[in-house]
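Each remark here refers to the structure printed beneath this line.
Below, chains carry the letters A, B, ... as their sequence lines are ordered, and counting in each starts from 1. The basis for the numbers below is simple: all heavy atoms, side chains too, and nothing from hydrogens, waters or symmetry mates.
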Amino acid sequence: MMDAGRHPRIKLMTCSEVVAVSGYMGNYRATIRTKPRYIREDLCVGCLQCIDACVFKKPRFPDEFNMGLGLRKPVYLPFPQATPQVPLIDPENCLQLKTGKCKQGCAEKCERKAVDFEQKEKIQEVQVGTIIVATGFKTVDPHKVPYYGYGKYPNVYTALEAERLVSASGPTEGEVILRDGRKPETVGIIHCVGSRDEKTNRWCSRVCCMYSLKLAHLIREHSGAKIYNFYIDMRTPGKGYEEFYNKLLEEGVQFIRGRVAEVTDWAVKPGEEGKLILRVEDTMIGQVRRIPVDMVVLSTGLESQPDAAKVSALFGLSRSADGFFAEAHPKLRPVETNTDGVFLAGCAQGPRDVPDAVAHAGAAASMAIALLNKGEVTIAPTTAKVVREKCVGCGDCLPVCPYTAISRVEGKAEVNAALCKGCGTCVATCPSGAIEGLHFTDEQLVAQIEGVLT
Amino acid sequence: MSVESGFDPKIVAFMCNWCTYAGADNAGVARMESPHNILAVRVMCSGRVSPEMVIRAFRSGADGVLVMGCHIGDCHYAAGNHRTAKRMPLLRNLLGYVGINPERMELAWVSAGEAPRFVEVTQAFTKKIRNLGPLAQEVTE
């Protein structure tokens with residue numbers, strides 16, 4: 001990330017979003033809205049003294065990066081490796097931005113005068129040749145599976161929360177401490193939460209088995225707890241993954257094949273008091289079991305971003321049934337989209353793990369650069385062509401074109417061949433028969449109709 | 001069947017290249033049985049099918065015409081099939097005026113992944129046309 005931030009030919013625009021895109025392959029114009037950071041990136045050197053100088057002596061706002069498990073100040077660095085290494089001010093909580101009455105300790109302390117409370121939202125237009133959409137994924141909201149008690153029982157965690165707990169740079173510095181301050185003695189990890197499920201998402205999210213194993217390994221290492229994994233099938237394809245699974249089996253991590261029915265705190269047997277009880281059918285022994293644990297981790301699956309529909313409309317992308325952006329061909333064109341010059345990278349296209357996402361992104365970058373370096377493109381021969389002598393300039397074809405490839409030039413229609421995809425909708429619309437769909441002309445179609453009928 | 005009724009209809013099916021044509025192909029690959037009466041004419045998009053083409057098919061001797069494309073929202077060309085969705089019902093209403101039973105023309109959405117649906121639609125339509133009898137007979141009546 002740091003490398004990308006420092007690269008002379010990469011311009012990183014953080015706190016920014018694309019609000020409009022026009023043009024076509026090689027000639028895109030993107031309108032970008034940049035939200036104010038209230039700290040000037042060109043002046044800040046990342047000393048982070050402003051954070052210490054904030055009038056809030058102690059962090060008191062939930063830290064988004066730590067999934068709300070830790071606290072931060074109104075001026076903060078989102079996470080330790082954040083690129084660029086420039087803090088930002090949260091206008092919701094900053095006294096100066098909220099009330100205008102603050103001693104401005106941060107601005108006072110900053111030697112480079114980088115704190116700027118007057119910063120405003122900025123809209124700018126950039127000219128780009130190609131676009132890579134890498135908007136990522138969202139994890140399934142665990143509230144969608146209410147029978148696992150997320151939000152009801154404090155010791156039910158999502159996998160991301162558990163990941164922050166075992167992380168050395170996390171809110172507990174790697175110590176596994178529950179919300180009630182205890183250390184867990186037994187931990188249950190439930191796989192496929194919001195994956196492979198008729199009620200939520202039907203697809204396999206692909207990464208959960210491996211991250212569950214990682215969490216099992218780390219929680220066990222950091223707390224010495226006994227770990228149960230509840231799985232439907234273990235899916236460990238990938239280099240070294242199956243070996244890691246085998247290592248965990250040898251370490252003594254318990255694996256129970258079965259879908260957990262519910263998580264409850266209703267103790268019925270001795271030894272269950274004060275614990276969370278997982279009711280599960282162990283399909284290996286064909287018995288329903290009750291397993292009391294101190295901590296439950298929900299391995300939530302991956303789904304598309306909530307604003308995927310907006311992004312797909314912006315870039316002219318289509319989406320597959322699962323909501324992720326659709327690639328041009330599932331096997332042969334995995335990074336291209338149906339819009340020329342727009343490519344996909346990573347989980348925006350579908351669930352994948354880190355090595356696969358890196359490979360996918362590399363492919364997208366190569367495709368984008370190859371297109372730019374070539375400077376010219378090969379288009380399909382099936383485009384529409386206007387016969388100028390026949391065109392009366394009625395303009396009926398202009399609104400029907402899904403690609404806005406038709407424009408009126410000197411009173412008559414003209415097709416931009418670089419934009420035309422050859423659907424032929426305009427050909428069928430033209431009342432004067434002035435547009436020819438090359439390779440699908442009226443004569444050719446009539447000949448084909450007559451051919452099949454004789 | 002054709003032996004029983006003595007009538008083997010000819011049905012011209014306009015299929016869009018991306019959804020229905022691929023769906024038909026998949027039906028074939030999966031060894032599903034679809035009626036031999038369906039005579040495929042591939043177009044890039046169902047939006048390419050002008051009313052004129054449908055009439056031409058009837059004039060050239062088709063007993064029925066099927067126009068098939070991607071589901072609304074799934075069009076490879078974003079909105080080409082929206083035009084088809086507007087055009088074809090209108091054409092269907094007008095067919096009666098030229099002496100053709102509107103039932104002889106149908107618009108159906110079949111995606112590339114819906115091979116079973118392709119078979120279902122084509123079989124049902126073929127059955128319907130078979131019951132209606134030859135177009136030539138209807139027109140002369």
Answer key: most heavy-atom pairs under 4.5 Å with chain B among A:Cys423, A:Gly424, A:Ala326 is A:Cys423

Other residues, nucleotides and ligands only: do more than 12 of their heavy atoms fall within 6.0 Å of NZ on A:Lys385? no

Could you state the interatomic distance from CE (B:Met44) to NE2 (A:His439), rounded to the nearest 0.5 Å? 10.5 Å

Which heavy atom in A:Pro399 sits nearest to a heavy atom in B:Arg83, and how many Å separate them? O-NH2, 3.8 Å

Closest non-hydrogen contact found for B:Ala79 with A:Pro402 is N-CB, 4.1 Å

Please determine which of B:Val41, B:Asp63, B:Val12 meets the side-chain contact (heavy atoms from CB on, under 4.5 Å) test together with A:Leu453. B:Val12

So do the side chains of B:Arg87 and A:Thr425 get within less than 4.5 Å of each other, counting heavy atoms only? yes

Would you say that more than 12 heavy atoms from the other residues, nucleotides or ligands in this model lie under 6.0 Å from the CD of B:Glu33, or not? no

Would you find more than 12 non-hydrogen atoms of other residues, nucleotides or ligands less than 6.0 Å from A:Gln127 atom CD? yes

Portion of A:Thr339 that has a non-hydrogen atom of chain B nearer than 4.5 angstrom: neither

Whatever's closer than 4.5 Å to a heavy atom in chain A on B:His76 counts as both

So with a 6.0 Å cut-off around CZ of A:Phe324, is the heavy-atom count from everything else above 12? yes

Considering only heavy atoms, which portion of A:Ser318 lies under 4.5 Å from any heavy atom of chain B: side chain, backbone, both, or neither? neither

Look at atom CZ of B:Arg59 and say whether more than 12 heavy atoms of other residues, nucleotides or ligands are closer to it than 6.0 Å. no

Just wondering, do B:Arg48 and A:Leu445 contact through their side chains at under 4.5 Å, heavy atoms? yes

Kindly give the heavy-atom pair with the smallest separation between B:Arg42 and A:Gln448, and that separation in Å. N-NE2, 3.8 Å

More than 12 heavy atoms of other residues, nucleotides or ligands under 6.0 Å from CZ of A:Arg29: is that the case? yes

Closest approach of A:Ile449 and B:Phe14, non-hydrogen atoms and distance? CD1-CZ, 3.7 Å

